[in-house]
Each structure stands twice: as structure tokens, then as C-alpha cells.
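Have a look at the structure below before the remarks.
Here is how names work: the chains are called A, B, and so on, in the same order as the sequence lines, proteins then strands, and each is numbered from 1. Heavy atoms only: backbone and side chains are in, while hydrogens, waters and symmetry mates are out.
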Number of protein chains: 2
Amino acid sequence: MATTIRQVAAAAGVSIATASRALSGSDAVVASTKQRVLEVAQRLDYLPSRLGRSLATGTTGNVGVILPDVTNPFYTEFLAELESALGARDIGVLVGDSHETPELERRLIQRMATQVDQLVLASSRLDDGDVAQASARLPVLLANRMLGAETPAPATLRQVTIDVEPGFREAVHHLRELGHAAITYIDGPPQSWSGRQKARVLETVCGELSMPLTTVQLARPDFGGGRDAGARVLEGAPNTTAIIAFNDQVALGLLSALRERGLDVPGDVSVVGCDDSLPEGMAWPALTTVDSSSRMLGARAAAAILEPGAPQPGSVPTRLIVRASTGRSHTAGIANVAGREAKRIESASAPPPVEKRSVSRPHPPHH
Amino acid sequence: MATTIRQVAAAAGVSIATASRALSGSDAVVASTKQRVLEVAQRLDYLPSRLGRSLATGTTGNVGVILPDVTNPFYTEFLAELESALGARDIGVLVGDSHETPELERRLIQRMATQVDQLVLASSRLDDGDVAQASARLPVLLANRMLGAETPAPATLRQVTIDVEPGFREAVHHLRELGHAAITYIDGPPQSWSGRQKARVLETVCGELSMPLTTVQLARPDFGGGRDAGARVLEGAPNTTAIIAFNDQVALGLLSALRERGLDVPGDVSVVGCDDSLPEGMAWPALTTVDSSSRMLGARAAAAILEPGAPQPGSVPTRLIVRASTGRSHTAGIANVAGREAKRIESASAPPPVEKRSVSRPHPPHH
DNA sequence: ACGTCCCATGTAACCGGTTACATTCGACAC
DNA sequence: GTGTCGAATGTAACCGGTTACATGGGACGT
């Protein structure tokens, strides 16, 4: 059994109250006694029980963090930032993966509710009512999500968000200036609040500019989802020249689908991502993206937790970062590839481009 | 304040002992009473305190998981698997990121020690002594790490590992059969046990086959690290034709560095990754890799935790998955690219390959 | 009718801390 | 010398559960 404060007190020849005071820093306890208690504690390898302390003080020193998918870099970076900032203040993090489902999320909340001081729900898939209910039990911080205007926000509910408006507006204007006539948006999962925000901005801006907007829904906002969506878009709408993706992972999957079909980015299709989450060189060509930073969101969340009295924090602004995946469209879109392909094959002598050759080589299925 | 069991007991007209029995499932309490207690609990929205329960029972229902980097997909997948399996049994997960440093890891252990039943240290950066010390305090599960043979393993210490031997052996033989004369290994961080394992196997096998082996050390085993290492290798040893990377992220970075310099994979250089962690299409060309699965490691870790009595689990086996990033070397190595480049430009008429053109286009620095 | 036994329930101690309040003791003023 | 005051320390209640043990009453056997 681990050593308790009573053992320390006994060994130091003081009462547990005195031992407690000596150990929990500087209360009114004379220096010599304090010294003695600390020495004994050290010698007995005493480590105060967080459980005992929590029960007595009513504060646990932990926060719970619930994410839709721990595997997704967006949340992973959010979590990394949050954990670091809280850890520096010796606050522990209980983490839960809701696998994008409200049921699991509710269950995780139940499990965490009595052992954390506060809950952080990132991109919560709960409906407004459930969120309100949770925040009736303990303070809740919504990250990347806001309650609808009609739901009265409880006093214990705070929200940190990313304002995607400027970044997505810029993206549409950028594509338009490059000569693209229409835009396809690959949206996130239907429960995603941020996905709805992005869609809403795109609708507005495309409306203003009289550009047609096509939206494609996605089940999982990851690489595989992006690949699937890419394939669907290419088949359903071969004239597409400009695609905006829900996030960088989806954009990456999209790039992969395009490359596999021999399409050039940005020659044939321009692609815009979101999050600016990729290290340099990860995307090919380098991805034009909206810097909807989850790290910054994590930092804001940490700040909101560490300064409970602070005013409702504003939302993180965004902007467009132009790199190499967007450009002037020099074909009439995807439909033209077949023709160009034929032309290339005609001009026999030159070695076929390496990339093309690799495309056709079959390789074993993954997993 | 949250409702407690005493309030439930009072409202149901029973003692707290009876209430506790009724609530904690099926003890010897008559059906009608049990029914009544449960109804009252429901009505009062009662949620039993994990803290109280933990203190009373001496078991918390939580495990602590410490990772060197929550942002690294290897650990992220490990964590996802572990969290899912434990969550299904209503076990909570406290997570900590050691940022690859022993100091932080020790601090995290201190914080977690009194509020978890067990600790999972993934690729622990602690030395053997510190690990032994931690496992004197509470049960510890080492994942992807083993204590040295000379350190006596405490009874509360278990280990789950990946046996990289077969996979890496296969990789070397595979490369040899493709005609590669020498191998370069891009190793992980120096504190990494699994890195040392991989290096050791490569040394052995290359020794057996009399193939020269060059090892390059890496600070951070991620995409950026792989890119840097790639650049170093290309400059220092231009004749390199076969590279094995510590993990898939490093391999991805390497591919990026090679592509940026106009090198063809596998025409000029063959690349082997490790982990099989990439979704289909993520690497271009599809990456030949050793399936050192962190998901499976996570599953084993979960099993070891859920079945405490089970025998010391064996290590996860590995094998080589051959895809498109390895092939017969048709140049004498990197050094020849300059010459080939010149030759291409000579044969004027054919359009330069798309990828090549993109390489030379400058784009703004990332971040 | 009485003793025995068992089952449902209650009482109270306990887990490991914190802290309000009580107690003790020395210093100082008169 | 004695009363007062305050600082250092001790006593005990409390946080919210669990559980060993005590208690009481009904069923059953003789």
C-alpha cells in the first residue's frame, strides 16, 4: 500500500492536520516543524493522493476532453496544445473518443462528469439540448461549435470557435480571379457544426458572385473520405475545375484521387484545403489552404480553462494561404483529359512520364 | 451541488447501505426495494461519484497512458485502439504527452500515479531504473519497449512489443533481390528502444549478406525529420539506391525530399517504410513497408490490461508488404540524375513531364 | 409454542485527504 | 502574579461512496 499522510504525521510526531498544512505549502506552521515533516515525507516516498484531495476539496485538477476522432490530426493537434498548456499547470487530461457518435459522447460525459472539474467538447456531435444538460452538471467548454441562437446558453457554458468566414470568402474570390466559373465543396459529416459554417459562407459568397456551388457530403472527414468523394465528383461532374475541401486530410485524399486518374493539379483542377495542418512537402503540389488552426483553438481553450473569470473569448480568425494547388484553369475541366491523353500517346518517341507509368502498375490492395 | 447517495437513500426511505447495494447492481436486496431506489435515483438524476467510489474501493477505473508525442500517428492509432477497448469496459483514460523527454514523463507519472489503476508507457524514454521505480508504485505496462536483460523486472511490470525482426529481415532480402548493393537506414531518436531493435536487425542481416549499411540518426521521427534526413542523405551519399525508414512518416518525408530533387521512386531510389500506417493512396508511389502495426499493439495492450491474470503476451509479429516504392535500380543511383536531366532537355519537342515543371516553380514558405 | 436460522436491512468504520474549530502555551502588559 | 491575546498545533467532522458486522423479524421444524 502507498504511504498516507497519517503515516507521515506519525513518523514526524505531529498530527495529520499539521502534516497536511506542512505539505500543502505555506500555511501557519513553524519552519522547523515544516522542515521535519517534509523530510519524513521525502524519506517515506510520500505522494499525496489526488483522490483524497479531490474528495475533500471538491476540485479534481483534471479536465475531460472529448473528441470525435483521436486519429484525426485536427483534433490531435488541438489536444496536443491543450494538454501541454494544462500539464504545465499540473492539470490532468482525461480523453475520450466519441467516434463521431452522440451515444458514445453521452456515455463519455457520464464517465467523466464526477472526476473532472470541467469538460471540453471538441466539435461535439450532441444536439443543443444534450449540451445544455451536460453544462447543467459541470462547466463545459465547447470548442469548434456553438449553440443555436434559440438555445439559452447556461452560465457554465463557454465556447471557443474558429471564424471561417474571412478565409473561405478569400478562397472563393481567389478561385474566381483565376478564372474558375463554378465551385464544388466537399463538406464534412452532417453533424459537424463547422462544416455547416463553411457551407453557409460558401453559399453566401458564391451567391454574391453568382457562381454555381455544388456540395458533396462526406461520411468521415479523413483521407479515405476525400478519396471517395474525389472519385464521386470526377464521375458525376467531369467539368469540375475548382474544389474546396472540408479539411486538409480530405484535400489530400482528393489530390490522391485526382493523381490516380492522371489529372494535373492545378492545371486541370484547383484544390483548396482547410486547417493548414500539413507539414511542408506533405501535399503535392503544396496545398492552398485556409489556416483554420486547431493548435490555436487548443491554445484558446487552454486559456479559457486557466482563466475562468476571463470574458467570453473571441473566435480565431482565418485567412487564405495561397500555395501551388490552385491556378488558372488551362483546360475546360476534367472532361478534356481523355483527349489530351490520346494526344500524348500519339507522340510516340518520348518516354512516357514516370508518374503516368506508375499509375497503371497494379499493386496489392492496402490491408 | 450534485445529488449524493445519501439524498437518494433519504428520498427512498432506506439506509445508505441499502441504497448503495441497490445501485451497485445485484446484491442481496429485495426486488421491490431495489426498484424503488432505482426510481428515486433516476428521478433525482443521480450519478455516482467515481471519486468516492475509487477512494472506498481502492480501484479507480482509470488507466494512465503516456506517449512521447500525441501528434504522431503511430501513437495516435495506438491510443485510439486502447481507448476504444478500455472505454467499452467503462475504463477511463488519462493521457499525457512527454514530448520525448524523461523529465516530463516522470512528472506525468507522479500526477497520474494516485488516480489510475495502471500505467501504460508507450515507447518510454525513461531509463530502466526509473521504469522499475514506477512499477514499484503501481502496475506498469510497457508498450514498444523492453527492459534490458540485466534489470530485474518487477512482478507488476509487463511488456507488449512488436517483433520487427522478420519484417526487417524480409525488407533487406527484398532489396537485395532487386539488385541493391547497399542500404541506408534512417533511424529514430536515440532514446527509442524500437529504433535500436530495428538498427540491430539491419546490422545482423546486412552482416549476413555482406551488404554495407549506413545509419542516419534522426531527432524527431516525423514527416519533417524524414525530409531533413532525406536531404542529408542525398547530399552526403549521392549513390544511395535503397533507404529504409524508421517509420512511414519518415518515409513520407523522404519521398517528399526525393521528389523535390526530381528523383524517381523506385527508378532511382527504393524506399521502405515501417508501420503500414498510411491509408491507401497517401504515399506516392504506394509505400513498401513493414507492417509494424501500432493498432495491434494497442489491442494487445488493452488485452493485457483487461486480463490481468493472462500470461505475458508475446510480441506482435511483422512482415514486409511490397508495394510500389521499391524496384530494380535502373540508374547507378542519385548521382546520375543530373546527366539524365540534361538528356531530356535535349529531346526538345515532347512536353516536359508535368511533375518536373511543378518542381521548379517557387512557392511561398510554409508557415 | 419455542428455538433456530437466514435474509433483508441498518449502523458505523473506513478510504486519504482538508479545514473549521478547540486547545494549549508562551509572551507581554498591567 | 494574573489576565489577555495570538500563534502553533491538535481534534474531529466532512467529502461520497463501500462493506464488515450488528440487528431484527419471518419462516420453518419439532
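For A:Leu44 and C:dG16, the CG to P distance is 14 Å, given to the nearest whole Å. When rounded to the nearest whole Å, the span between CZ of B:Arg53 and P of C:dG16 equals 18 Å.
When all heavy atoms of B:Phe78 and B:Val65 are compared, the closest pair comes out as CE2-CG1, 4.5 Å.
Among the atoms of the strands shown, none is found under 4.0 Å from any heavy atom of A:Thr114. Counting non-hydrogen atoms under 4.0 angstrom, A:Ser54 reaches nothing in the nucleic acid.
Checking the phosphate oxygens (OP1, OP2) of D:dT18, a side-chain nitrogen or oxygen of B:Ser20 falls inside 4.0 Å. Note on B:Thr18: a side-chain N or O is less than 4.0 Å away from OP1 or OP2 of C:dG10.
Five base pairs at each end of the helix from C:dA1-D:dT30 to C:dC30-D:dG1 define two local axes, and these are offset by 60° (rounded to 10°).
You'll find the side chain of B:Pro102 stays beyond 4.5 Å of the side chain of B:Asp127, heavy atoms only.
Comment: B:Arg125 does not engage B:Glu105 in a salt bridge, judged by the lack of any side-chain N to carboxylate O separation of less than 4.0 angstrom.
Judged by closest nucleotide on DNA chain C, B:Ser32 is the one of B:Ser32 and A:Thr3 placed further toward the 5' end.
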At a cut-off of 3.5 Å, list every protein nitrogen or oxygen paired with a nitrogen or oxygen from nucleotides 12-15 of chain D, distance to 0.1 Å.
residue, atom, partner, partner atom, Å
D:dC15, O2, A:Leu55, O, 3.4
D:dC15, O2, A:Ala56, N, 3.3

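In the model, B:Ser15 has a side-chain atom that pairs as donor or acceptor with a side-chain atom of B:Thr18 under 3.5 Å. Remark: the B:Tyr46 side chain and the B:Thr4 side chain contain no N/O donor-acceptor pair separated by less than 3.5 Å. Looking only at atom types and distance, the side chain of B:Ser192 has a donor-acceptor partner in the side chain of B:Ser194 under 3.5 Å away.
No donor-acceptor contact under 3.5 Å links the side chain of B:Arg50 to the base of D:dG16.
Checking side-chain atoms of A:Arg21 against main-chain N and O of A:Val29 turns up no donor-acceptor pair under 3.5 Å. Using a distance-only test at 3.5 Å, with no hydrogens or angles considered, no donor-acceptor pair links the side chain of B:Asp128 to the main chain of B:Leu147.
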